[in-house]
Protein chains: 2
Amino acid sequence: MTPAGGDGARTTPVRRPTIKDIARRAGVSESAVSFALNGRPGVSQGTRDRIRRMAEELGWEPNSAARALSGERSGCVGLVLARPARTLGVESFFLQLVSGVQEVLADRKVALLFQVVEDIETECAVYRRWWAEKRVDGVLVVDPRAHDPRPELLASLDLPAVVIGAPAPGEDTPHVSSVWADDTAAMASVLAHLHELGHRRIVHVAGMPGLAHTERRIRSLRTEAARLGFDGSRSVTTDYSDAEGAEATRRILDEPDPPTAIVFDNDVMAVAGSAVAAERGIPVPGRLSIVAWDDSALCRVIHPRLTALVRDTSGFGRLAAQELLDRLDGGPVRSIQAELPHLEPRESTGPPATL
Amino acid sequence: MTPAGGDGARTTPVRRPTIKDIARRAGVSESAVSFALNGRPGVSQGTRDRIRRMAEELGWEPNSAARALSGERSGCVGLVLARPARTLGVESFFLQLVSGVQEVLADRKVALLFQVVEDIETECAVYRRWWAEKRVDGVLVVDPRAHDPRPELLASLDLPAVVIGAPAPGEDTPHVSSVWADDTAAMASVLAHLHELGHRRIVHVAGMPGLAHTERRIRSLRTEAARLGFDGSRSVTTDYSDAEGAEATRRILDEPDPPTAIVFDNDVMAVAGSAVAAERGIPVPGRLSIVAWDDSALCRVIHPRLTALVRDTSGFGRLAAQELLDRLDGGPVRSIQAELPHLEPRESTGPPATL
DNA sequence: GACATCTACTAAAACGCATTAGTAGCCTCG
DNA sequence: CGAGGCTACTAATGCGTTTTAGTAGATGTC
């Protein structure tokens, strides 16, 4: 089964079969093989089958370098994650996303080039290098920002891209597709849930300022809160880390007239926040209700279990990957809306204490 | 600064500068350029400098496909993560590891091909495909198992590999390097800590059976517990998920003579376990001490904060990446020991309740 | 001053594939 | 029966790089 029988390390290195080998064995020219294997016209069904069989038999796979050099495609797409090391790996979001992405890519034998860097400038440098080296055919962009240099850069490099989590593209970014979820509606459903329980004073512990969805959620909170008649609702921004989540929670609870509910922009901060409540002896949800934006094992594992906004993250990844492949096949730039996240009420939300 | 001025999407697509362009501009042959740019002899210092300057000026980067086709190297290494979707993204381990890996790779302009798959068979298939497509120069292997087919496969494919978290290579795997931490000593330090506090009955909630480090930890527990005079210590295996961690904890606490301390093999299960304790009203550490193997934000964020075995995961990644690069440069197969993890006592461990 | 030895280069081939431009052989049609 | 048009192929070229072989010209040697 293995190409090298037995001990392959010391014996002659295994040679990969090439199109030439197939051609020789099938008694045809190399071009015929190429045609046959790529479904191009120019070979009869009979020889096509024969060639296919030979290729199968030899375990042939196209040499990615040769194909990339000859054709236009490298068969790779890229994903770079710009996060300071400190805030890395605390969220389950990325691996889920990536796993969805891969499901789609693997089917088409497209590989994923992955890189984590410290900041967005380095991220841009990576794009430039990938472009110059002709390493990738397109990229997936995460953590879109309010004023984001990346779409423009990628457009100028002519590198197809799909922004994940971006709003519908404005007239400034007509070159990149996007896949996004309706944060406004999601925020509305969160607030409706809290309003229904009787809450009127809430605070939103948001993620990084500058990120597009942070700003959208903050805006949504404001308008929606106004509509429902909440008073004094507001957002504070953090870096998504447990540390800042806890710190924000402490400050909020120290205020003279603390809120009866807090909405956290990710699971990690929500957990950190509920730990702060526990350490102060504030009962959840008796005196404080907590909502996590984004579910994860975390939210279901701590006590009390956290009410969370659940979204199908790997589905999100699948959608984005599919759209990128479509773009690579010459499809139009699109803006795709993912399924609306739904609120899953658990034990951390309840009616506020009556004063 | 950007290769295409202004709106690059509709104008002529940007052409990447090639060696030929540099050659023309510098008035030399293409080979001279290649020599100059790769530090090979055969060009005078003067022209070498001139060529380098031109390349810089044009923003030239070697076309990865051409280089891969011509030379032997693709400039990529691979990492595949075989995890059932269910247990994905709950640990912070991987992103940390990958971030360390990249630090080293990026310096050498080596890209990382990343893939997540469902099981180890698919993982092997990925290796075969990567090999056949000549996509990667080497791979990093994670989650080594007791009877692992991968080292042999990779050796037979002549694909340099570094196993991360493996024991010192036995005589059966003389072809792959490995980077590992001393689990035995780590387990000893955990048990010493608990013993000192007065614990005599402990249970170890381990990870997946079949994983090399799971088996090693289980063995270490047994021998070390025997040495220290623990009675009835044992290990149970899980799939690393929060669900199984919680379930195992429940079963353990339901026993007639429950342990006074539990050691969990990852952070997620430890958190799940402490939630179970909380839901049953069992005080931690008053009635039950908890230790997490592997630290993360999680452990510091919940209440009480969990005593954890801290290791420098990204350092681990750096070590592994460096070793892989050394292998690619023709270095010998080595077995590298990483820094010993250290126990960080926090609030979740204390003296057991006196009966 | 003929010959070997450097140095600094150039020409050409190779890597594995896709693709374009042929080219036989056969069929059709007027 | 010869022009035109198919079908099923082959030959040749190019992609951008590395590498091997080769070649002028300068320098040294006896």
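Throughout, a chain's letter reflects where its sequence line sits, starting with A, and its residues are numbered from 1.
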Taking N and O atoms by type only, does the side chain of A:Ser31 place a donor or acceptor under 3.5 Å from a partner on the base of D:dA11? yes
Above 12 or not: heavy atoms from other molecules or residues under 6.0 Å from CZ of B:Arg25? no
Considering heavy-atom distances to DNA chain C, does A:Trp60 or B:Phe35 have its closest nucleotide positioned more toward the 5' end? B:Phe35
Does any donor atom in the side chain of B:Asn63 or A:Arg135 lie under 3.5 Å from an acceptor atom in the other side chain? no
What nucleotide, of D:dA8, D:dT10, D:dG16, holds the atom closest to the side chain of A:Ser44? D:dA8
When we call it a touch if two heavy atoms are under 4.0 Å apart, what does B:Thr18 touch: a base, just sugar-phosphate, or nothing? sugar-phosphate
Under 3.5 Å, is there any donor-acceptor pair linking the side chain of A:Ser29 to the base of D:dT10? no
Check every strand shown and say whether A:Ser34 touches a base, only sugar-phosphate, or nothing at a heavy-atom separation below 4.0 Å. base
Nearest-Å distance, CZ (A:Arg40) to P (C:dA18)? 8 Å
Send over the distance from A:Asn38 CG to C:dG16 C1', rounded to a whole Å. 12 Å
How close or far is atom P of C:dG16 from atom CZ of A:Arg16, stated in whole angstroms? 9 Å
Using atom CG of B:Leu69 as one end and atom P of C:dA13 as the other, report the distance to the nearest whole Å. 17 Å
For A:Ile19 and D:dC9, what is the distance between atoms CD1 and P respectively, to the nearest whole Å? 16 Å
Could you state the atom-to-atom distance from CG of A:Leu37 to P of C:dC17 in whole Å? 9 Å
Do we see a donor-acceptor contact under 3.5 Å between the side chains of B:Ser34 and B:Ser31? no
When rounded to whole Å, the NZ to C1' distance for the pair A:Lys134 and D:dG16 reads 10 Å
Among side-chain atoms of A:Ser314 and A:Arg318, is any donor-acceptor pair under 3.5 angstrom? yes
Whole-Å distance between C:dA13 C1' and B:Glu30 CD? 13 Å
